[in-house]
Amino acid sequence: MVNKQGQTRLAQYYGKNLTIQEKAATEGEIIRKCLARTENQCSFIEYRDFKCVYRRYASLFFIVGVDGQTNELGILEFIHNLVETLDKYFENVCELDIMFNLEKAHFILDEMICNGHIIETNK
């Protein structure tokens, strides 16, 4: 989860074991690519050996990196479901809710994803 200025507000990694420097460099490149795109362009970006699916809600970008075999539309639906869940929990979620309740946001994400696989689709 990233704001319009490119600051990461919530990040979770599954699968590949990357160093902190590699994570920061990868995040920076993907964030720059997503922020540079217009609303008329599609929400999918190919980056190295995986695809990035993103969606903007108000001032936040929700970005998910997946392998080449994952359904992009399913990931868009997951992002929407995550936003609705956060909205329901925080009662009209905003960036500050995520910043000041980071543990709760991680808990909600962990309830929906286990080991990189979506396990919960109910709100």
What about [X] and [Y], same hydrophobic cluster or not, with Ile/Leu/Val/Met/Phe/Trp/Tyr joined at side-chain heavy-atom distances under 4.5 Å?
{"X": "Leu102", "Y": "Phe90", "value": "yes"}
{"X": "Ile108", "Y": "Val83", "value": "yes"}
{"X": "Leu96", "Y": "Leu86", "value": "no"}
{"X": "Phe78", "Y": "Phe61", "value": "no"}
{"X": "Met112", "Y": "Tyr54", "value": "no"}

With heavy-atom distances below 4.5 Å as the criterion, would you say the side chains of [X] and [Y] are in contact?
{"X": "His106", "Y": "Leu10", "value": "yes"}
{"X": "Val93", "Y": "Leu60", "value": "no"}
{"X": "Glu84", "Y": "His80", "value": "yes"}
{"X": "Tyr89", "Y": "Asn101", "value": "no"}
{"X": "Gln12", "Y": "Asp110", "value": "yes"}
{"X": "Phe44", "Y": "Leu76", "value": "yes"}
{"X": "Ile113", "Y": "Tyr14", "value": "yes"}

Taking all heavy atoms of [X] and all of [Y], pick out the closest pair and write down the distance.
{"X": "Ala11", "Y": "Glu27", "answer": "CB-OE2, 3.8 Å"}
{"X": "Val53", "Y": "Ile79", "answer": "O-CD1, 3.9 Å"}
{"X": "Gly6", "Y": "Ile31", "answer": "CA-CG2, 3.7 Å"}
{"X": "Ala105", "Y": "Ile98", "answer": "CB-CD1, 4.1 Å"}

Could you check whether Glu29 pairs with Arg48 (Lys NZ or Arg NE/NH1/NH2 to Asp/Glu carboxylate O, under 4.0 Å)?
yes
Aromatic plane relationship, Tyr57 with Phe62 - under 30° parallel, 30 to 60° tilted, over 60° perpendicular
perpendicular
Nearest-0.5 Å distance, [atom1] of residue [X] to [atom2] of residue [Y]:
{"X": "Glu72", "Y": "Cys52", "atom1": "CD", "atom2": "SG", "answer": "11.0 Å"}
{"X": "Leu35", "Y": "Asn3", "atom1": "CG", "atom2": "CG", "answer": "8.5 Å"}
{"X": "Leu82", "Y": "Ile118", "atom1": "CG", "atom2": "CD1", "answer": "10.0 Å"}

Does [Y] offer a backbone N or O that forms a donor-acceptor pair with the side chain of [X] under 3.5 Å?
{"X": "Arg55", "Y": "Ser43", "result": "no"}
{"X": "Asn81", "Y": "Glu77", "result": "no"}
{"X": "Asp87", "Y": "Asn92", "result": "yes"}
{"X": "Asn115", "Y": "His117", "result": "no"}

For the CD atom on Glu91, are there more than 12 heavy atoms of other groups (residues, nucleotides or ligands in this structure) within a distance under 6.0 Å?
no
With a 6.0 Å cut-off (strictly less than), is the heavy-atom count around CD of Gln41, excluding the residue itself, greater than 12?
yes
Among Arg9, Gln7, Lys4, exactly one meets side-chain hydrogen bond (donor to acceptor under 3.5 Å, both in side chains) together with Glu95. Which residue is that?
Arg9
Honestly, is Lys23 close enough over Tyr13, meaning NZ or CZ under 6.0 Å from the six-membered ring centre and within 45° of the axis?
yes
Take Cys34 and Arg56, measure what side chain to side chain contact (heavy atoms under 4.5 Å, CB included) needs, and give me the verdict at the end.
CA-CA 10 Å; Cys34 289; Arg56 180 180 173 194; over 6 Å; no
Let's go through Thr70 and Lys51 carefully: what are the C-alpha distance in whole Å and the side-chain angles of both, what is the deciding distance for side chain to side chain contact (heavy atoms under 4.5 Å, CB included) to 0.1 Å, and is it a yes or a no?
CA-CA 9 Å; Thr70 305; Lys51 296 178 187 176; over 6 Å; no
Working for side chain to side chain contact (heavy atoms under 4.5 Å, CB included), residues Ile30 and Ile45
CA-CA 9 Å; Ile30 292 171; Ile45 299 173; 5.8 Å; no
